[in-house]
Amino acid sequence: MKLSKVVIILVMLSATGVMYVTINSTDHQKTARPSPVYKHFQKDLSVSQKFPENGVNTEKQVRQKWEGHAEEADEWGERVSGVKNRIETDEKVVALTFDACGGPFGDEYDEELIDFLREESIPATLFFNARWISSNEQVFKDLADDPLFSVQNHGTEHLPLSVAGKTAWGIEGTGSVEEVIDEIMINQSLIEEMTGERPEFFRSGTAYYDNIAVEVIEDLGLTAVNYDVLGDAGATYSAEQVKESLLSVSPGSIPLLHMNQPSSGTAEGVKKAIPELRAAGYSFVLLDGQKLTE
């Protein structure tokens, strides 16, 4: 049967590492979650089961708290109340962060970048998406075992975090508190199961949130972290652009870059910027143990 009023939008976003195809039609119904990714990772691994005495609310408690909530979000974007973007310090320190987004066009591994960080003993905080972990399990385990790196949560399906299905960069976000919790906790449980460690930081797909979602993140014992320096614009910058972006840091900056696009200019740009930053007196730290601010 011929579809009427069909609009096909292809959005190729390096920042997400996925090609999204959306079909809108009067004859077409939206496919409901859970998607195959959720089905693949929906295991009996909730925080309440694996870490019952960890001093934070369990997943079950958070679900009960928000059940039937009617409050509407009044903030939406990358700069939302509660989302941390910098380290609170006057010292010349920078926390490099790298996202591994996963998906059909984003599950590669920038080995050159990671090798450079290791050779130069540069600590970095790595935000992993469940899809990337699934495609790179051994590499993930190797990175998680390296004390130079801090392993953190980048969501399950790399979705913007909304309680009302809001869209960022052409990607429809979660549509309820329940979906917000799933997007966070399925990957949280996966990382805990594979490493024995609990991530304490969360960064959403596209780095977009609403303020209700941020409250849920906090209830689950996590801190939402974005950035104050756009390091590689979703791995679309040239090496020179990455270098210039990193040279714009100030004390306490948190640059956002990517480690899932080896054909991008990210690795080369980082390699060019690091010597100049060191010459300017900067050193590099993990997010762990830092006092963060909006």
Side-chain angles (χ1 to χ4, degrees), residues 11 13 15-16 18 20 22 30 33 47 56-57 59 61-89 95 97 99 101 125 127 129-130 152-188 199-234 245 248-250 252-258 287 290-294:
V11 182
L13 294 173
T16 67
V18 185
Y20 289 87
T22 303
K30 174 185 170 185
R33 292 187 183 57
V47 171
V56 300
N57 293 330
E59 179 181 337
Q61 288 172 326
V62 176
R63 290 185 188 275
Q64 289 174 338
K65 171 185 173 178
W66 288 97
E67 186 177 1
H69 87 100
E71 186 179 356
E72 293 185 4
D74 53 19
E75 294 182 62
W76 170 246
E78 294 178 300
R79 300 292 183 263
V80 172
S81 298
V83 178
K84 309 303 183 184
N85 299 295
R86 295 179 51 80
I87 300 170
E88 188 174 314
T89 183
T97 68
D99 289 357
C101 306
T125 303
F127 285 85
N129 182 260
Q152 303 300 332
N153 187 342
H154 195 33
T156 304
E157 287 198 294
H158 202 266
L159 302 177
L161 230 58
S162 165
V163 297
K166 289 192 175 182
T167 297
W169 299 103
I171 305 166
E172 185 178 350
T174 51
S176 65
V177 169
E178 290 75 18
E179 288 185 9
V180 166
I181 295 173
D182 285 344
E183 175 67 7
I184 298 165
M185 294 308 299
I186 292 173
N187 191 42
Q188 182 84 346
E200 59 179 299
F201 302 114
F202 179 86
R203 178 179 287 154
S204 69
T206 74
Y208 268 66
Y209 312 78
D210 66 31
N211 57 296
I212 301 298
V214 175
E215 289 185 45
V216 174
I217 292 170
E218 293 172 347
D219 283 347
L220 290 166
L222 289 149
T223 299
V225 176
N226 271 1
Y227 64 95
D228 71 324
V229 173
L230 189 62
D232 63 5
S245 180
S248 73
V249 300
S250 57
S253 278
I254 301 176
L256 187 158
L257 303 110
H258 290 76
L287 288 178
Q290 306 297 330
K291 184 177 181 181
L292 304 182
T293 183
E294 298 179 21

Sorted by chain and residue number, the salt bridge (Lys or Arg N to Asp or Glu O under 4.0 Å) partners of Arg63 (sequence neighbours excluded) come out as Glu59, Asp182
So do Val62 and Ile181 actually touch side chain to side chain, heavy atoms under 4.5 Å? yes
Is Arg203 reaching over with its side chain to a backbone N or O of His154, donor-acceptor style, under 3.5 angstrom? no
Heavy-atom side-chain proximity of Leu292 to Glu88 below 4.5 angstrom: no
In terms of heavy-atom contacts, Glu172 and Leu159 come closest through O-CD2, 3.8 Å
If you round to the nearest 0.5 Å, how far is CG of Asn187 from CZ of Phe202? 8.0 Å
Nearest heavy-atom contact between Ala95 and Pro255 is O-CD, 3.1 Å
Heavy-atom distance under 4.5 Å between the side chains of Val163 and Thr174, does that happen here? no
Quick one: salt bridge (Lys or Arg N to Asp or Glu O under 4.0 Å) partners of Glu75, sequence neighbours excluded? none
Ser245 side-chain N/O to Leu230 backbone N/O, donor-acceptor pair under 3.5 Å: yes
Go through the structure and list residues passing side-chain contact (heavy atoms from CB on, under 4.5 Å) with Thr89, not counting sequence neighbours. Ile87, Glu91, Val93
Looking just at side-chain N and O atoms, do Asp219 and Trp66 make a donor-acceptor pair shorter than 3.5 Å? yes
Can you tell me how far apart CG (Leu161) and OH (Tyr208) are? Round to the nearest 0.5 Å. 14.0 Å
Would the distance check show the side chain of Glu183 and the main-chain N or O of Thr156 forming a donor-acceptor pair, the cut-off being under 3.5 Å? yes
Shortest non-hydrogen pair, Ala168 vs Thr206, comes out as CB-OG1, 3.7 Å
Contacts of Ser176 meeting side chain to side chain donor-acceptor pair (under 3.5 Å) (sequence neighbours excluded), chain-then-number -> Glu178
Mind checking whether Ser162 and Tyr209 have side chains closer than 4.5 Å, heavy atoms only? no
At what distance, to the nearest 0.5 angstrom, does OG1 of Thr223 lie from CD of Gln152? 9.5 Å
Is the shortest side-chain heavy-atom distance between Pro160 and Thr167 below 4.5 Å? no
Rounded to the nearest 0.5 Å, what separates atom CD in Glu78 from atom CG in Asn85? 9.0 Å
Is it the case that Arg79 places NZ or CZ above or below the six-membered ring of Tyr227, under 6.0 angstrom from the centre and within 45 degrees of the axis? yes
Could you work out, with side chain to side chain donor-acceptor pair (under 3.5 Å) as the rule, every residue matching Asp228, not counting sequence neighbours? Arg86, Ser253
Roughly how far, to the nearest 0.5 Å, is the NZ atom of Lys291 from the NZ atom of Lys84? 9.5 Å
With Asn129, which residues qualify under side chain to side chain donor-acceptor pair (under 3.5 Å), at least two apart? Arg131
Testing the basics here: between Ile212 and Glu72, what is the closest heavy-atom pair and its distance to 0.1 Å? CG1-C, 4.3 Å
Does any part of the side chain of Ile184, heavy atoms only, come nearer than 4.5 Å to the side chain of Leu222, both counted from C-beta? yes
Which one of Asn153, Leu287, Ile217, Leu256 satisfies the side chain to side chain contact (heavy atoms under 4.5 Å, CB included) criterion with Val225? Leu287
Would Asp210 and Lys166 pass as an ion pair if we require N to O under 4.0 Å? no
Distance from Glu294 atom CD to Ser81 atom OG, nearest 0.5 Å? 5.5 Å
